[in-house]
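In what follows, a structure is listed as structure tokens, so that the remarks can point back to it.
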Amino acid sequence: MISWMKTLSDHYKRMRECYPDDQLMILFDIDGTIVDTRYTVHDILKRFDKWQGTSYFSNLEVDDISFHEKNLDQWIERLGIHENTRTAILHWYKTDYWSTSTIMSAHRPFAGVMDVIRWFQIQPNTHVGLNTGRNESARSDTLRALNQIGKEYRVEFRENHLYMSPYPWGKNIVSAKVEGVRHFLQKGYRVCAFIDNEPENLLSVASMDNDDEILLLHADTIFASKRRHLPARAIGGSSYDITELAQEEALPRHVQFVWHAVNDHANLRQFLISNIQWAECDVRINPLDDTIILRHYSFAVAPLSPDEQFLTFQELLTSITCNNKNIKIDLKESGRLTEKVFELLAHHHLSDDRLWFSGRIEKLQENGFRKIAQTYPNSIIQCPIDFLAPLVLDSPAKAYEILKKLTGWGINRFSLKWKTPHLSLIVEIIEQWGFRLNIYNVPDLESFLKAVLLLPCSITSDFNFPKWHYTGHGSDPQRRFNECYVGYLAEQKESSTSVSWM
């Protein structure tokens, strides 16, 4: 089955290759494409009950709404409601549907659509336009509502990227859609895709696109026009799956990506043949022979297994050096461990810009961080601040004061877990303060791409992404991980990568 998001990704890539300097635009319809109109219908009918003190729709759920809003009268009639009451409901509905209160309160985006829009908005020389059949009179409310729901995704809709119908409400929609496409073409944008839920709108745009440059995508939600009106070249879909859309080569280059827990030979092999530049390792002192080994869990949490084989810090450093990669060192304690790490680093002559140190405040404390900053002043020095996240929202001045104090110790990057509540807002606030952030504990490809959309300085992930042929297994104490595609990857990268595993 053809994936419409993968088709969009491939088409966008081709258009960018053909027109490297053009301003590309992806055009979206709003209702039934970005906004799930079932919530609007649900909200209006529930408010009718509240206004009239009735219970006609007390059991109505959003999933019960499988009809287009134009067919509301037929649906109400099937409920057996008296004709006079039906008339009152329809009058209430038509009066309330485009009111400011409804637009502002009942807009809900389809799952994933804001991620897709954000992905295109962060691509260079790429714009997202809106081509809607809504009347021009709703411009202000439309922008406010869409930007309200887009805020947590860092999506911003601009007024000059919104085309609205010049015709009366509900009239000449098809003509308005064609005029909308022409409007953006005349503004100098190269429209490379148009997404709409109404087949007849896509058909009308197809008739004007003689060069077949505009990819026509059908949002297969609820629509009023007949499916047979879909142009033959239109691709349909109902899931805005960013993992089908986003490709590794299109990731923003200024975000640093870190392969989590390169603590064993299997993870090291996969890391070395990947495009990821930073390897994170957890260093500990082996109680058996006093060497530095790589192990996430302490021996108290995960006791030593009789057949356990360690990857040593020395082995990892040799591989990192030979393959021109970089290393992030998670120090599990201060004092003697730190001194031994410094000794091995000095032996391998890694420059500061290839080194990244991380540790918890309670473990390294002020003296530990100051020692790292004194020894490697131009390295990245990081600590997690999950304990501080609620304070950023509830008492920002106090949170800022604490972060400022920590930077005085030499810490120049802070990290937050992916699952932190209100993460997007917290990231935005902390970066506005001028601090640099890493997001960690990112478990899968979808989460990783959503983290990328926040554009932090860096992201630490397990890279368990089979779609990209990455199968990192993180720090699971059971040593579970997916089968490695080393053969495939080695074949793909043989010409460009020198791999040393030991």
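Below, all heavy atoms of this structure are taken into account, side chains as well, without hydrogens, waters or symmetry copies. Keep in mind that what you see is a predicted model, and the values were worked out from it rather than measured.
A salt bridge links Glu136 to Arg139: at least one charged side-chain nitrogen sits closer than 4.0 Å to a carboxylate oxygen. Using a cut-off of 4.0 Å between Lys/Arg side-chain N and Asp/Glu carboxylate O, Glu244 and Lys467 are scored as salt-bridged. With salt bridges taken as basic N to acidic carboxylate O contacts below 4.0 Å, one links Asp63 and Arg38. We find that Glu249 and Lys13 are joined by a salt bridge, their nearest charged nitrogen and carboxylate oxygen being less than 4.0 Å apart. Salt bridge absent: Arg14 and Asp10 never bring a charged side-chain N and a carboxylate O closer than 4.0 Å. A salt bridge is absent between Asp241 and Lys6; no separation between the charged side-chain nitrogens and carboxylate oxygens falls under 4.0 Å. Electrostatic pairing of Arg227 and Asp220 counts as a salt bridge here, judged by a charged N lying under 4.0 Å from a carboxylate O.
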For this session: Check the pair Ile65, Leu60 against side-chain contact (heavy atoms from CB on, under 4.5 Å), reporting the backbone distance first and the verdict last.
Result: CA-CA 8 Å; Ile65 301 172; Leu60 180 65; 4.2 Å; yes
Problem set entry | side-chain contact (heavy atoms from CB on, under 4.5 Å) evaluation trace for Leu217 with Leu8 | CA-CA 8 Å; Leu217 296 171; Leu8 174 57; 3.9 Å; yes
For this session: Let me see the working for Arg190 and Glu213 under salt bridge (charged side-chain N to carboxylate O under 4.0 Å, His left out), right down to the final yes or no.
Result: CA-CA 9 Å; Arg190 185 173 293 278; Glu213 275 197 345; 3.1 Å; yes
Exercise. Can you check side-chain hydrogen bond (donor to acceptor under 3.5 Å, both in side chains) on Arg134 and Ser165, steps first, answer last?
Worked result: CA-CA 6 Å; Arg134 294 185 182 189; Ser165 172; over 6 Å; no
Problem set entry | Test side-chain contact (heavy atoms from CB on, under 4.5 Å) applied to Lys177 and Asn131, step by step | CA-CA 6 Å; Lys177 294 289 182 172; Asn131 186 15; 4.0 Å; yes
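Between Thr37 and Asp31, the side chains place no donor N or O within less than 3.5 Å of an acceptor N or O (distance only, hydrogens not considered). A donor-acceptor contact under 3.5 angstrom links the side chains of Asn275 and Glu248, judged on distance only. Remark: the Ser415 side chain and the Asn438 side chain contain no N/O donor-acceptor pair separated by less than 3.5 Å. Asp444 and Ser447 are linked by a side-chain donor-acceptor pair at a separation below 3.5 angstrom, with hydrogens and angles left out of the test. Judged by distance alone, the side chains of His260 and Asp462 do bring a donor and an acceptor atom under 3.5 Å apart.
Relative ring orientation between Tyr470 and Phe465 is described as tilted, the plane-to-plane angle lying within the 30° to 60° band.
Looking at Asp115, Val116, Leu146, Ile117 one by one, the single match for side chain to side chain contact (heavy atoms under 4.5 Å, CB included) with Val155 turns out to be Ile117.
Annotation: salt bridge (charged side-chain N to carboxylate O under 4.0 Å, His left out) contacts involving residues 79-102, sequence neighbours excluded, comprise Arg47-Asp96. Residue pairs meeting the ring-ring contact (aromatic ring centres under 6.0 Å, His included) criterion with at least one partner in residues 171-196, sequence neighbours excluded, are His127-Tyr189, His161-Tyr189, Tyr163-His183. Screening residues 5-30 for ring-ring contact (aromatic ring centres under 6.0 Å, His included), with sequence neighbours left out, gives Tyr12-Phe120.
Tyr153 places none of its side-chain heavy atoms less than 4.5 Å from the side chain of Ser424. Proximity of Trp4 to Tyr240: side-chain heavy atoms (C-beta onward) are separated by under 4.5 Å at one or more points. With a 4.5 Å cut-off on side-chain heavy atoms, Tyr97 and Thr40 count as touching.
Other residues, nucleotides and ligands contribute at most 12 non-hydrogen atoms within 6.0 Å of the CG atom of Asn59. Counting heavy-atom neighbours within 6.0 Å of Arg154 CZ, excluding the residue itself, gives a total above 12.
Residues satisfying the side chain to side chain donor-acceptor pair (under 3.5 Å) criterion with His218, sequence neighbours excluded, are absent altogether. Considering only residues two or more places apart in sequence or on other chains, Glu446 meets the side chain to side chain donor-acceptor pair (under 3.5 Å) condition with Lys450. Annotation: salt bridge (charged side-chain N to carboxylate O under 4.0 Å, His left out) contacts of Lys405 (sequence neighbours excluded): none. Partners of Ser101 according to the side chain to side chain donor-acceptor pair (under 3.5 Å) rule, which considers only residues two or more places apart in sequence or in another chain, are Ser99. The side chain to side chain contact (heavy atoms under 4.5 Å, CB included) search around Leu416 returns Ile385, Asp386, Ala389, Thr420, Leu423, Ile426, Ile430, Leu437, not counting sequence neighbours. Not a single salt bridge (charged side-chain N to carboxylate O under 4.0 Å, His left out) links Arg78 to another residue, sequence neighbours left out. A search for side chain to side chain donor-acceptor pair (under 3.5 Å) contacts involving Gln186 returns nothing, not counting sequence neighbours. The salt bridge (charged side-chain N to carboxylate O under 4.0 Å, His left out) test applied to Glu198 returns no partner, not counting sequence neighbours. Listed by chain and residue number, Asp141 satisfy the salt bridge (charged side-chain N to carboxylate O under 4.0 Å, His left out) test with Arg144 (two or more places apart in sequence, or in another chain).
Here Trp278 and Trp259 keep their ring centres 6.0 angstrom or further from each other. For Phe448 and Phe257, the distance between ring centers is under 6.0 angstrom.
Gln270 contributes a side-chain N or O that, together with a main-chain N or O of Thr471, makes up a donor-acceptor pair within less than 3.5 Å.
With Tyr440 as the aromatic partner, Lys417 does not meet the cation-pi criteria of under 6.0 angstrom to the ring centre and within 45 degrees of the ring axis.
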